[in-house]
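Contents: one structure, followed by commentary.
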Amino acid sequence: YQRRVHGGSRNREAMVAYNRALDLNPGFVRAQYNLGIAYSNLGQYADAATHFLRALVMQQASVATAPSSSSALNSAEMWDILRSTFSFMGRSDLVDLAQHRDVGLFQKEFNLVV
């Protein structure tokens with residue numbers, strides 16, 4: 001129990017830091033992704049999925065202007081964790097949609113601006 005409370009406290013502290021980083025640099029993909037990890041650690045999977053999707057949208061925008069192979073690898077990792085998150089949510093329909101790797105498919109469900 002104590003470990004979970006402590007971990008929750010650390011996740012909340014991290015979330016404050018990631019939000020601050022996004023205030024300073026709204027295009028900071030890693031901060032957006034890490035917010036998703038923190039929400040996932042707290043069991044808030046819908047919020048986690050939203051942040052993972054936002055990170056993917058941001059990354060796609062940055063890859064379009066400066067493509068690199070490392071970005072593609074990170075994108076694959078993000079899609080993998082997104083599928084896992086949808087699974088934790090009990091949303092096999094979203095797991096299946098994520099196979100297409102198209103953030104536009106989630107625009108309505110997660111209020112995304114793509």
Side-chain angles (χ1 to χ4, degrees):
Y1 172 76
Q2 184 178 13
R3 185 174 176 192
R4 185 172 186 179
V5 170
H6 180 68
S9 171
R10 286 205 165 183
N11 281 304
R12 286 183 183 83
E13 290 170 15
M15 291 164 77
V16 169
Y18 298 139
N19 277 310
R20 173 91 171 113
L22 286 166
D23 287 343
L24 297 172
N25 180 1
F28 192 4
V29 176
R30 185 55 124 180
Q32 192 70 250
Y33 174 80
N34 286 347
L35 272 169
I37 296 292
Y39 276 108
S40 183
N41 289 341
L42 294 172
Q44 298 177 18
Y45 301 117
D47 291 327
T50 298
H51 287 284
F52 293 141
L53 286 163
R54 287 179 184 163
L56 283 161
V57 168
M58 292 163 62
Q59 185 188 53
Q60 287 178 356
S62 68
V63 167
T65 59
S68 75
S69 60
S70 62
S71 294
L73 177 62
N74 290 336
S75 176
E77 291 172 8
M78 282 194 267
W79 281 107
D80 288 345
I81 198 159
L82 182 62
R83 280 190 296 275
S84 294
T85 302
F86 289 151
S87 181
F88 290 134
M89 292 169 63
R91 296 290 306 269
S92 61
D93 58 324
L94 298 179
V95 173
D96 292 341
L97 275 180
Q99 299 296 335
H100 299 285
R101 294 185 178 199
D102 178 358
V103 292
L105 297 173
F106 304 97
Q107 189 171 1
K108 186 174 180 180
E109 174 112 16
F110 290 91
N111 297 317
L112 296 175
V113 176
V114 180

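Please read these numbers as outputs of a predicted model, since none were measured by experiment.
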Side chain to side chain contact (heavy atoms under 4.5 Å, CB included) for Arg12 and Val16? Distances and angles first, verdict last. CA-CA 6 Å; Arg12 286 183 183 83; Val16 169; 5.9 Å; no

Distance in Å, Met58 CE paired with Gln60 CD, rounded so as to fall on 0.5 Å steps: 12.0 Å

According to salt bridge (charged side-chain N to carboxylate O under 4.0 Å, His left out), who are the partners of Asp23, at least two apart in sequence or on a separate chain? none

Salt bridge (charged side-chain N to carboxylate O under 4.0 Å, His left out) pairs touching residues 85-100, sequence neighbours excluded, are Arg91-Asp93, Arg91-Glu109

Distance check, rounded to the nearest 0.5 Å: Leu42 atom CG versus Met15 atom CE? 6.0 Å

Heavy-atom distance under 4.5 Å between the side chains of Asn41 and Arg10, does that happen here? no

Considering all heavy atoms of both residues, which atom of Val57 and which atom of Val113 are nearest to each other, and what is their separation? CG1-O, 3.7 Å

Using the side chain to side chain donor-acceptor pair (under 3.5 Å) criterion, which residues pair with Asp102? Sequence neighbours excluded. none

Test salt bridge (charged side-chain N to carboxylate O under 4.0 Å, His left out) applied to Arg83 - qualifying residues, sequence neighbours left out: Asp80

Hey, can you pull the donor-acceptor pairs under 3.5 Å for the side chains in residues 48-55, sequence neighbours left out?
from, atom 1, to, atom 2, distance (Å)
Thr50, OG1, Ala46, O, 3.1
His51, ND1, Gln32, OE1, 2.5

Interatomic distance, CG@Leu24 vs CG@Asn19, rounded to 0.5 Å, equals 11.0 Å

Any salt bridge (charged side-chain N to carboxylate O under 4.0 Å, His left out) involving residues 25-47? Give me the pairs, sequence neighbours left out, ordered by first then second residue. none

Closest approach of Ser87 and Val95, non-hydrogen atoms and distance? N-CG2, 3.6 Å

Going by the rule ring pair (Phe, Tyr, Trp, His ring centres under 6.0 Å), which residues pair with Phe110 if we only count those two or more places apart in sequence or in a different chain? Phe86

The criterion is side-chain contact (heavy atoms from CB on, under 4.5 Å); which residues satisfy it with Asn25, sequence neighbours excluded? Phe28

What distance separates Thr85 OG1 from Leu94 CG, expressed to the nearest 0.5 Å? 11.0 Å

